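First up is the structure itself, then whatever we jot down about it.
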Amino acid sequence: MFKKPFRVKSQTSMKGSDRKKLRVDIQKVFTGLSPEEVSEIIPNKEDVTVTKIYTNSGDNAFIYSVNKQPYFFEIDKQKVLFPTVYLLWRFPDLAERFTTWPPVFKRMVDGADLMLPGIVLRQQVTPSTFRHVQKGQVCSVNIVGNRCPVVVGQTLMSGSDFFDSGMKGKGIHPVHMLGDELWSFGDKSSPPSIEDDPLPSEYMEEDGQQSGDLRENGAIPTSTDWFEATSDGNKQEMDENSAINKDNASGDMESGDGVGDNTKHKDDNVKATSENDNYMKDLTGPGTVTQDGADNGEGASAPGDGAEDGGVELENLQIQEESTQLTPGEMDDLLQFCFLCALKASLKKSDLPIPTGTFYKAHMLKYSPKATQMDVKKSSFKKLSKFLQTQAKCGIIKVKELTKGVENIMEVDRSHEMFRGLEVPEIVEEPTESTQDGFTPPTITEMFAVTSNVLPLFKPMGYSKSSPLTSSDARKVITEYVKQLDNQGGNDKSAVLLDPILASICLTSAEGDKSTLQWEELFTRILNKMSPVFQLSFPDRPPILKKGSIDPIKIDVVQRASSKRVTIIENLDVYGIDAGEFGHRVQVKVACSASVTPSQQKGKGPQVIVQGNQINCVADLLTNLYKLPKKYIRGAEKAPKQRRK
């Protein structure tokens, strides 16, 4: 969860009453702590702060720190209090603790869950071994040889399921670990060395060697040796990335969503995360497992070695495959090249006007060579806004601030002399996150349920009360009923002669003398006497039948304080769309902030609130990415008309 940098939204000091409430919550969750120990963790006279953050995955979380050292965190949607590794180094047995090997931890760093076979068992597993473990319980993971945990997570099975599965399958989902962004939010210290319980007898000898000899030979590395050997050379590399969060915490934060964030927008809000990714790769050392599960091994070449950079050739820019460090002058040249390529081959006229942050992420970054990572902060400009102002002075673009703090590229001079002789490399578009997760829209079937009013008509055909039928099936039943009674109105084949059952269903008291109805009128009147229901069919799960008419997704723009507008999207959960994920997509696409809040209506799911009028973006995502029919979307017609040139 904290593998990628998070954004700090606010940071406040906790009052005495809030500290007292936090102590009560800690005592309830972690019953092994005495009241004296809880008071020692959350003291009265020390600096205790709560930091609200927005994670890369789109979740809100709260970090509770003492003297700038994070001790607890709470994920907003889960309402579960987790300890950090810093607190667990003081109290190793605070949470249920499992032990694993260093190579297994390296896989967890890459994002894998801890499989049950990777847990070191100190006794034979019986039904009572893990009977105290509950599904979703907060737990920790330490490495053989050191009692101090390096991972905080949640169990994916109960203790009885551990035994029933034969210790196979996914056991623990990591939430926070040594080396991630939450760890770097503290003092980035190494875990202390506390001797762990002895290994089981089956690990004590292997091919005639004692376990101590195996450690000397590197077969079983100790938990402190591998970390110290890799972390010393990478802490400086991590400092710049983690400094962003520290700066945000001190008050110099990025713009919020206009719905509670009073922070200042920055044009260069897009930052590359390659430094942290490289750090995590170095932390795991040789033999790491890539995201697709392939083992790179010691002999595997680093990403980009021996590979072509898509035919990119830059004059006066020498990029070494072995190094990703560029001088400010070289970074300026790379920015200029990617800027021109994006304007010439990627940015379309219909995309204008476009926010500068969106232009950087969606159009410029993809022309950066694989061997390096483009970063405005490492150029002489330091900010994207300054770089674009320089280009505007040259006359190649026109930049204008449409809303306060948000600049947009308005026009592009495609006949500018800078484009002469520019060779744009061919870019193979990789699948984006939006296509990788393979969202499949539900199949929506609007139906009608048999009621007591129409039961005399449908019961002879084998249907009972509340039986659902589609409109076509209901029509077939009615048609078959009429044919069996031969109730067609004489020579007029378009009319139906009403028998007592049909008359009691279709006619009102004022129409007592009416004896025939047209076919379409008959269908309409009978269907109106039935209850509307709908069926949702999702992949890999049984269909869901619900009463009433399906609620469409509602898109609305409302006015908030200070004449600010926000776009509210409701009923996403009805169609199986995760509100947090959807808000994150909108946030990335239009470079504005979004939040997920509970609906004000009882029984409704969460709603997404997006800064500004984003109806066009929301409607485009729902119809093109999520493949929802337009008839289930309300409010798209309120979208502002786009400029045409």
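All values derive from a computational prediction rather than experimental measurement. This chain uses plain numbering: 1 for the first residue, then up along the sequence.
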Requested in this report: List for me each residue that meets salt bridge (charged side-chain N to carboxylate O under 4.0 Å, His left out) alongside Glu40, sequence neighbours excluded, and say none if there are none.
Outcome: Arg90
Query raised in the report: Do Ser160 and Pro127 have side-chain heavy atoms sitting under 4.5 Å apart?
Result: no
Query - Side chain proximity check, Val133 to Ser158, heavy atoms < 4.5 angstrom - result: no
**Report entry** Summary of salt bridge (charged side-chain N to carboxylate O under 4.0 Å, His left out) pairs that have at least one residue in residues 13-31, sequence neighbours excluded
**Finding:** none
Query raised in the report: Do the side chains of His176 and Thr84 get nearer than 4.5 Å, heavy atoms only?
Result: yes
**Report entry** For Lys52, salt bridge (charged side-chain N to carboxylate O under 4.0 Å, His left out) partners two or more places apart
**Finding:** none
Query raised in the report: CG of Asp59 to NE2 of His584: how many Å apart, nearest 0.5 Å?
Result: 10.5 Å
Query - Test item: Ser39 side-chain N/O and Pro43 main-chain N/O as donor-acceptor pair under 3.5 Å - result: no
Report task. Please name all residues satisfying side-chain contact (heavy atoms from CB on, under 4.5 Å) with Val596, sequence neighbours left out, ordered by chain then number. Result -> Ala579, Pro606, Val608
**Report entry** Residue pair Ile41 / Val66: nearest heavy atoms and the distance that separates them
**Finding:** O-CG2, 3.4 Å
Query - Contacts of type salt bridge (charged side-chain N to carboxylate O under 4.0 Å, His left out), residue Lys79, not counting sequence neighbours - result: Asp76
Query - Heavy-atom pair of closest approach, residues Ala591 and Thr358 - result: CB-OG1, 3.2 Å
Query raised in the report: Hey, does the side chain of Thr51 reach the backbone of Gln11 with a donor-acceptor pair shorter than 3.5 angstrom?
Result: no
Query raised in the report: By side-chain hydrogen bond (donor to acceptor under 3.5 Å, both in side chains), which residues pair with Tyr575, not counting sequence neighbours?
Result: none
Query - Minimum side-chain heavy-atom gap Leu33-Thr31 below 4.5 Å - result: no
**Report entry** Heavy-atom closest contact (Ala594 atom, Val610 atom, distance)
**Finding:** CB-CG2, 4.1 Å
Requested in this report: Show your working on side chain to side chain contact (heavy atoms under 4.5 Å, CB included) between Ser13 and Val48 and close with a plain yes or no.
Outcome: CA-CA 6 Å; Ser13 296; Val48 181; over 6 Å; no
Query raised in the report: Does the side chain of Leu621 come within less than 4.5 Å of Phe582's, by heavy atoms?
Result: yes
Query raised in the report: Is a side-chain N or O of Ser599 found less than 3.5 angstrom from the main chain of Gln607, in a donor-acceptor match?
Result: no
**Report entry** Point-to-point distance, once rounded to the nearest 0.5 Å, from CE of Met115 to CG of Leu156
**Finding:** 9.5 Å
Query raised in the report: If you measure from CH2 on Trp183 to OG on Ser189, what distance do you get to the nearest 0.5 Å?
Result: 7.5 Å
Report task. Report yes or no: does Trp101 contribute a side-chain atom to a donor-acceptor pair with the main-chain N or O of Ile143 at less than 3.5 Å? Result -> no
Report task. Would you confirm whether the ring centroid of Phe73 sits within less than 6.0 angstrom of the ring centroid of Phe2? Result -> yes
**Report entry** Atom pair CZ (Arg7) and CG (Asn60), whose distance is rounded to the nearest 0.5 Å
**Finding:** 9.0 Å
Report summary line: Interatomic distance, NZ@Lys68 vs OG1@Thr49, rounded to 0.5 Å, equals 9.0 Å
Report task. Run the numbers on Met331 and Met374 for side chain to side chain contact (heavy atoms under 4.5 Å, CB included), then give the verdict. Result -> CA-CA 7 Å; Met331 188 62 73; Met374 184 168 58; 4.3 Å; yes
Query raised in the report: Ser165 and Leu116: side chain to side chain contact (heavy atoms under 4.5 Å, CB included), yes or no, with the steps?
Result: CA-CA 9 Å; Ser165 65; Leu116 292 180; 3.6 Å; yes
Report task. State, to 0.1 Å, how close Leu88 and Pro149 come at their nearest heavy-atom pair, and which atoms those are. Result -> O-CD, 3.8 Å
Query raised in the report: If every non-hydrogen atom of Val138 is compared with every non-hydrogen atom of Pro83, which pair is closest and at what distance?
Result: CG1-CD, 3.8 Å
**Report entry** Gap separating the OH atom of Tyr360 from the OG1 atom of Thr356, nearest 0.5 angstrom
**Finding:** 11.5 Å
Query raised in the report: Do Ile63 and Phe6 come close enough that some side-chain heavy atom pair is under 4.5 Å?
Result: yes
**Report entry** Check: Met177 main-chain N/O paired with Asp180 side-chain donor or acceptor under 3.5 Å
**Finding:** yes
Query raised in the report: Listed by chain and number, what are the ring pair (Phe, Tyr, Trp, His ring centres under 6.0 Å) partners of Tyr64, not counting sequence neighbours?
Result: none
Report task. Decide yes or no on side chain to side chain contact (heavy atoms under 4.5 Å, CB included) for Met108 and Val151, but give the supporting numbers first. Result -> CA-CA 9 Å; Met108 297 178 71; Val151 175; 3.7 Å; yes
Query - Beyond-backbone contact of Val175 with Ile75, side-chain heavy atoms, under 4.5 angstrom - result: yes
Query raised in the report: Tell me, do Met167 and Phe162 make a side-chain contact under 4.5 Å, heavy atoms counted?
Result: yes
Requested in this report: Just grab all the side-chain hydrogen bond (donor to acceptor under 3.5 Å, both in side chains) pairs involving residues 124-144, residues at least two apart or on different chains.
Outcome: Glu96-His132, Arg97-Asn142, Thr99-Asn142, Thr126-Ser128, Thr126-Thr129, Asn142-Asp196
Query raised in the report: What's the verdict on ring-ring contact (aromatic ring centres under 6.0 Å, His included) for Phe30 and Phe91, showing C-alpha distance, side-chain angles and the deciding distance?
Result: CA-CA 11 Å; Phe30 305 102; Phe91 304 94; 9.9 Å; no
Query raised in the report: Considering residues at least two apart in sequence or located in another chain, which fulfil the side-chain hydrogen bond (donor to acceptor under 3.5 Å, both in side chains) criterion with Asn67?
Result: Glu46
Query raised in the report: Side chain of Ser379, backbone of Val376: donor and acceptor closer than 3.5 Å?
Result: yes
**Report entry** Closest approach of Gly169 to Pro117 (non-hydrogen atoms, all atoms of both residues)
**Finding:** O-CD, 4.2 Å
Query - Pairs involving residues 153-177, ordered by first then second residue, that meet salt bridge (charged side-chain N to carboxylate O under 4.0 Å, His left out) (sequence neighbours left out) - result: Asp113-Lys170
Query raised in the report: Distance-only, no hydrogens or angles: does the Tyr71 side chain make a donor-acceptor pair with backbone N or O of Ile42 under 3.5 Å?
Result: no
Requested in this report: Using a strict 4.0 Å threshold on nitrogen-to-oxygen distance, state whether Asp93 and Arg147 make a salt bridge.
Outcome: yes
Requested in this report: List for me each residue that meets side-chain hydrogen bond (donor to acceptor under 3.5 Å, both in side chains) alongside Gln154, sequence neighbours excluded, and say none if there are none.
Outcome: none
Report summary line: Residues passing the side-chain contact (heavy atoms from CB on, under 4.5 Å) test with Thr100, sequence neighbours excluded, are Val104, Leu114, Val141
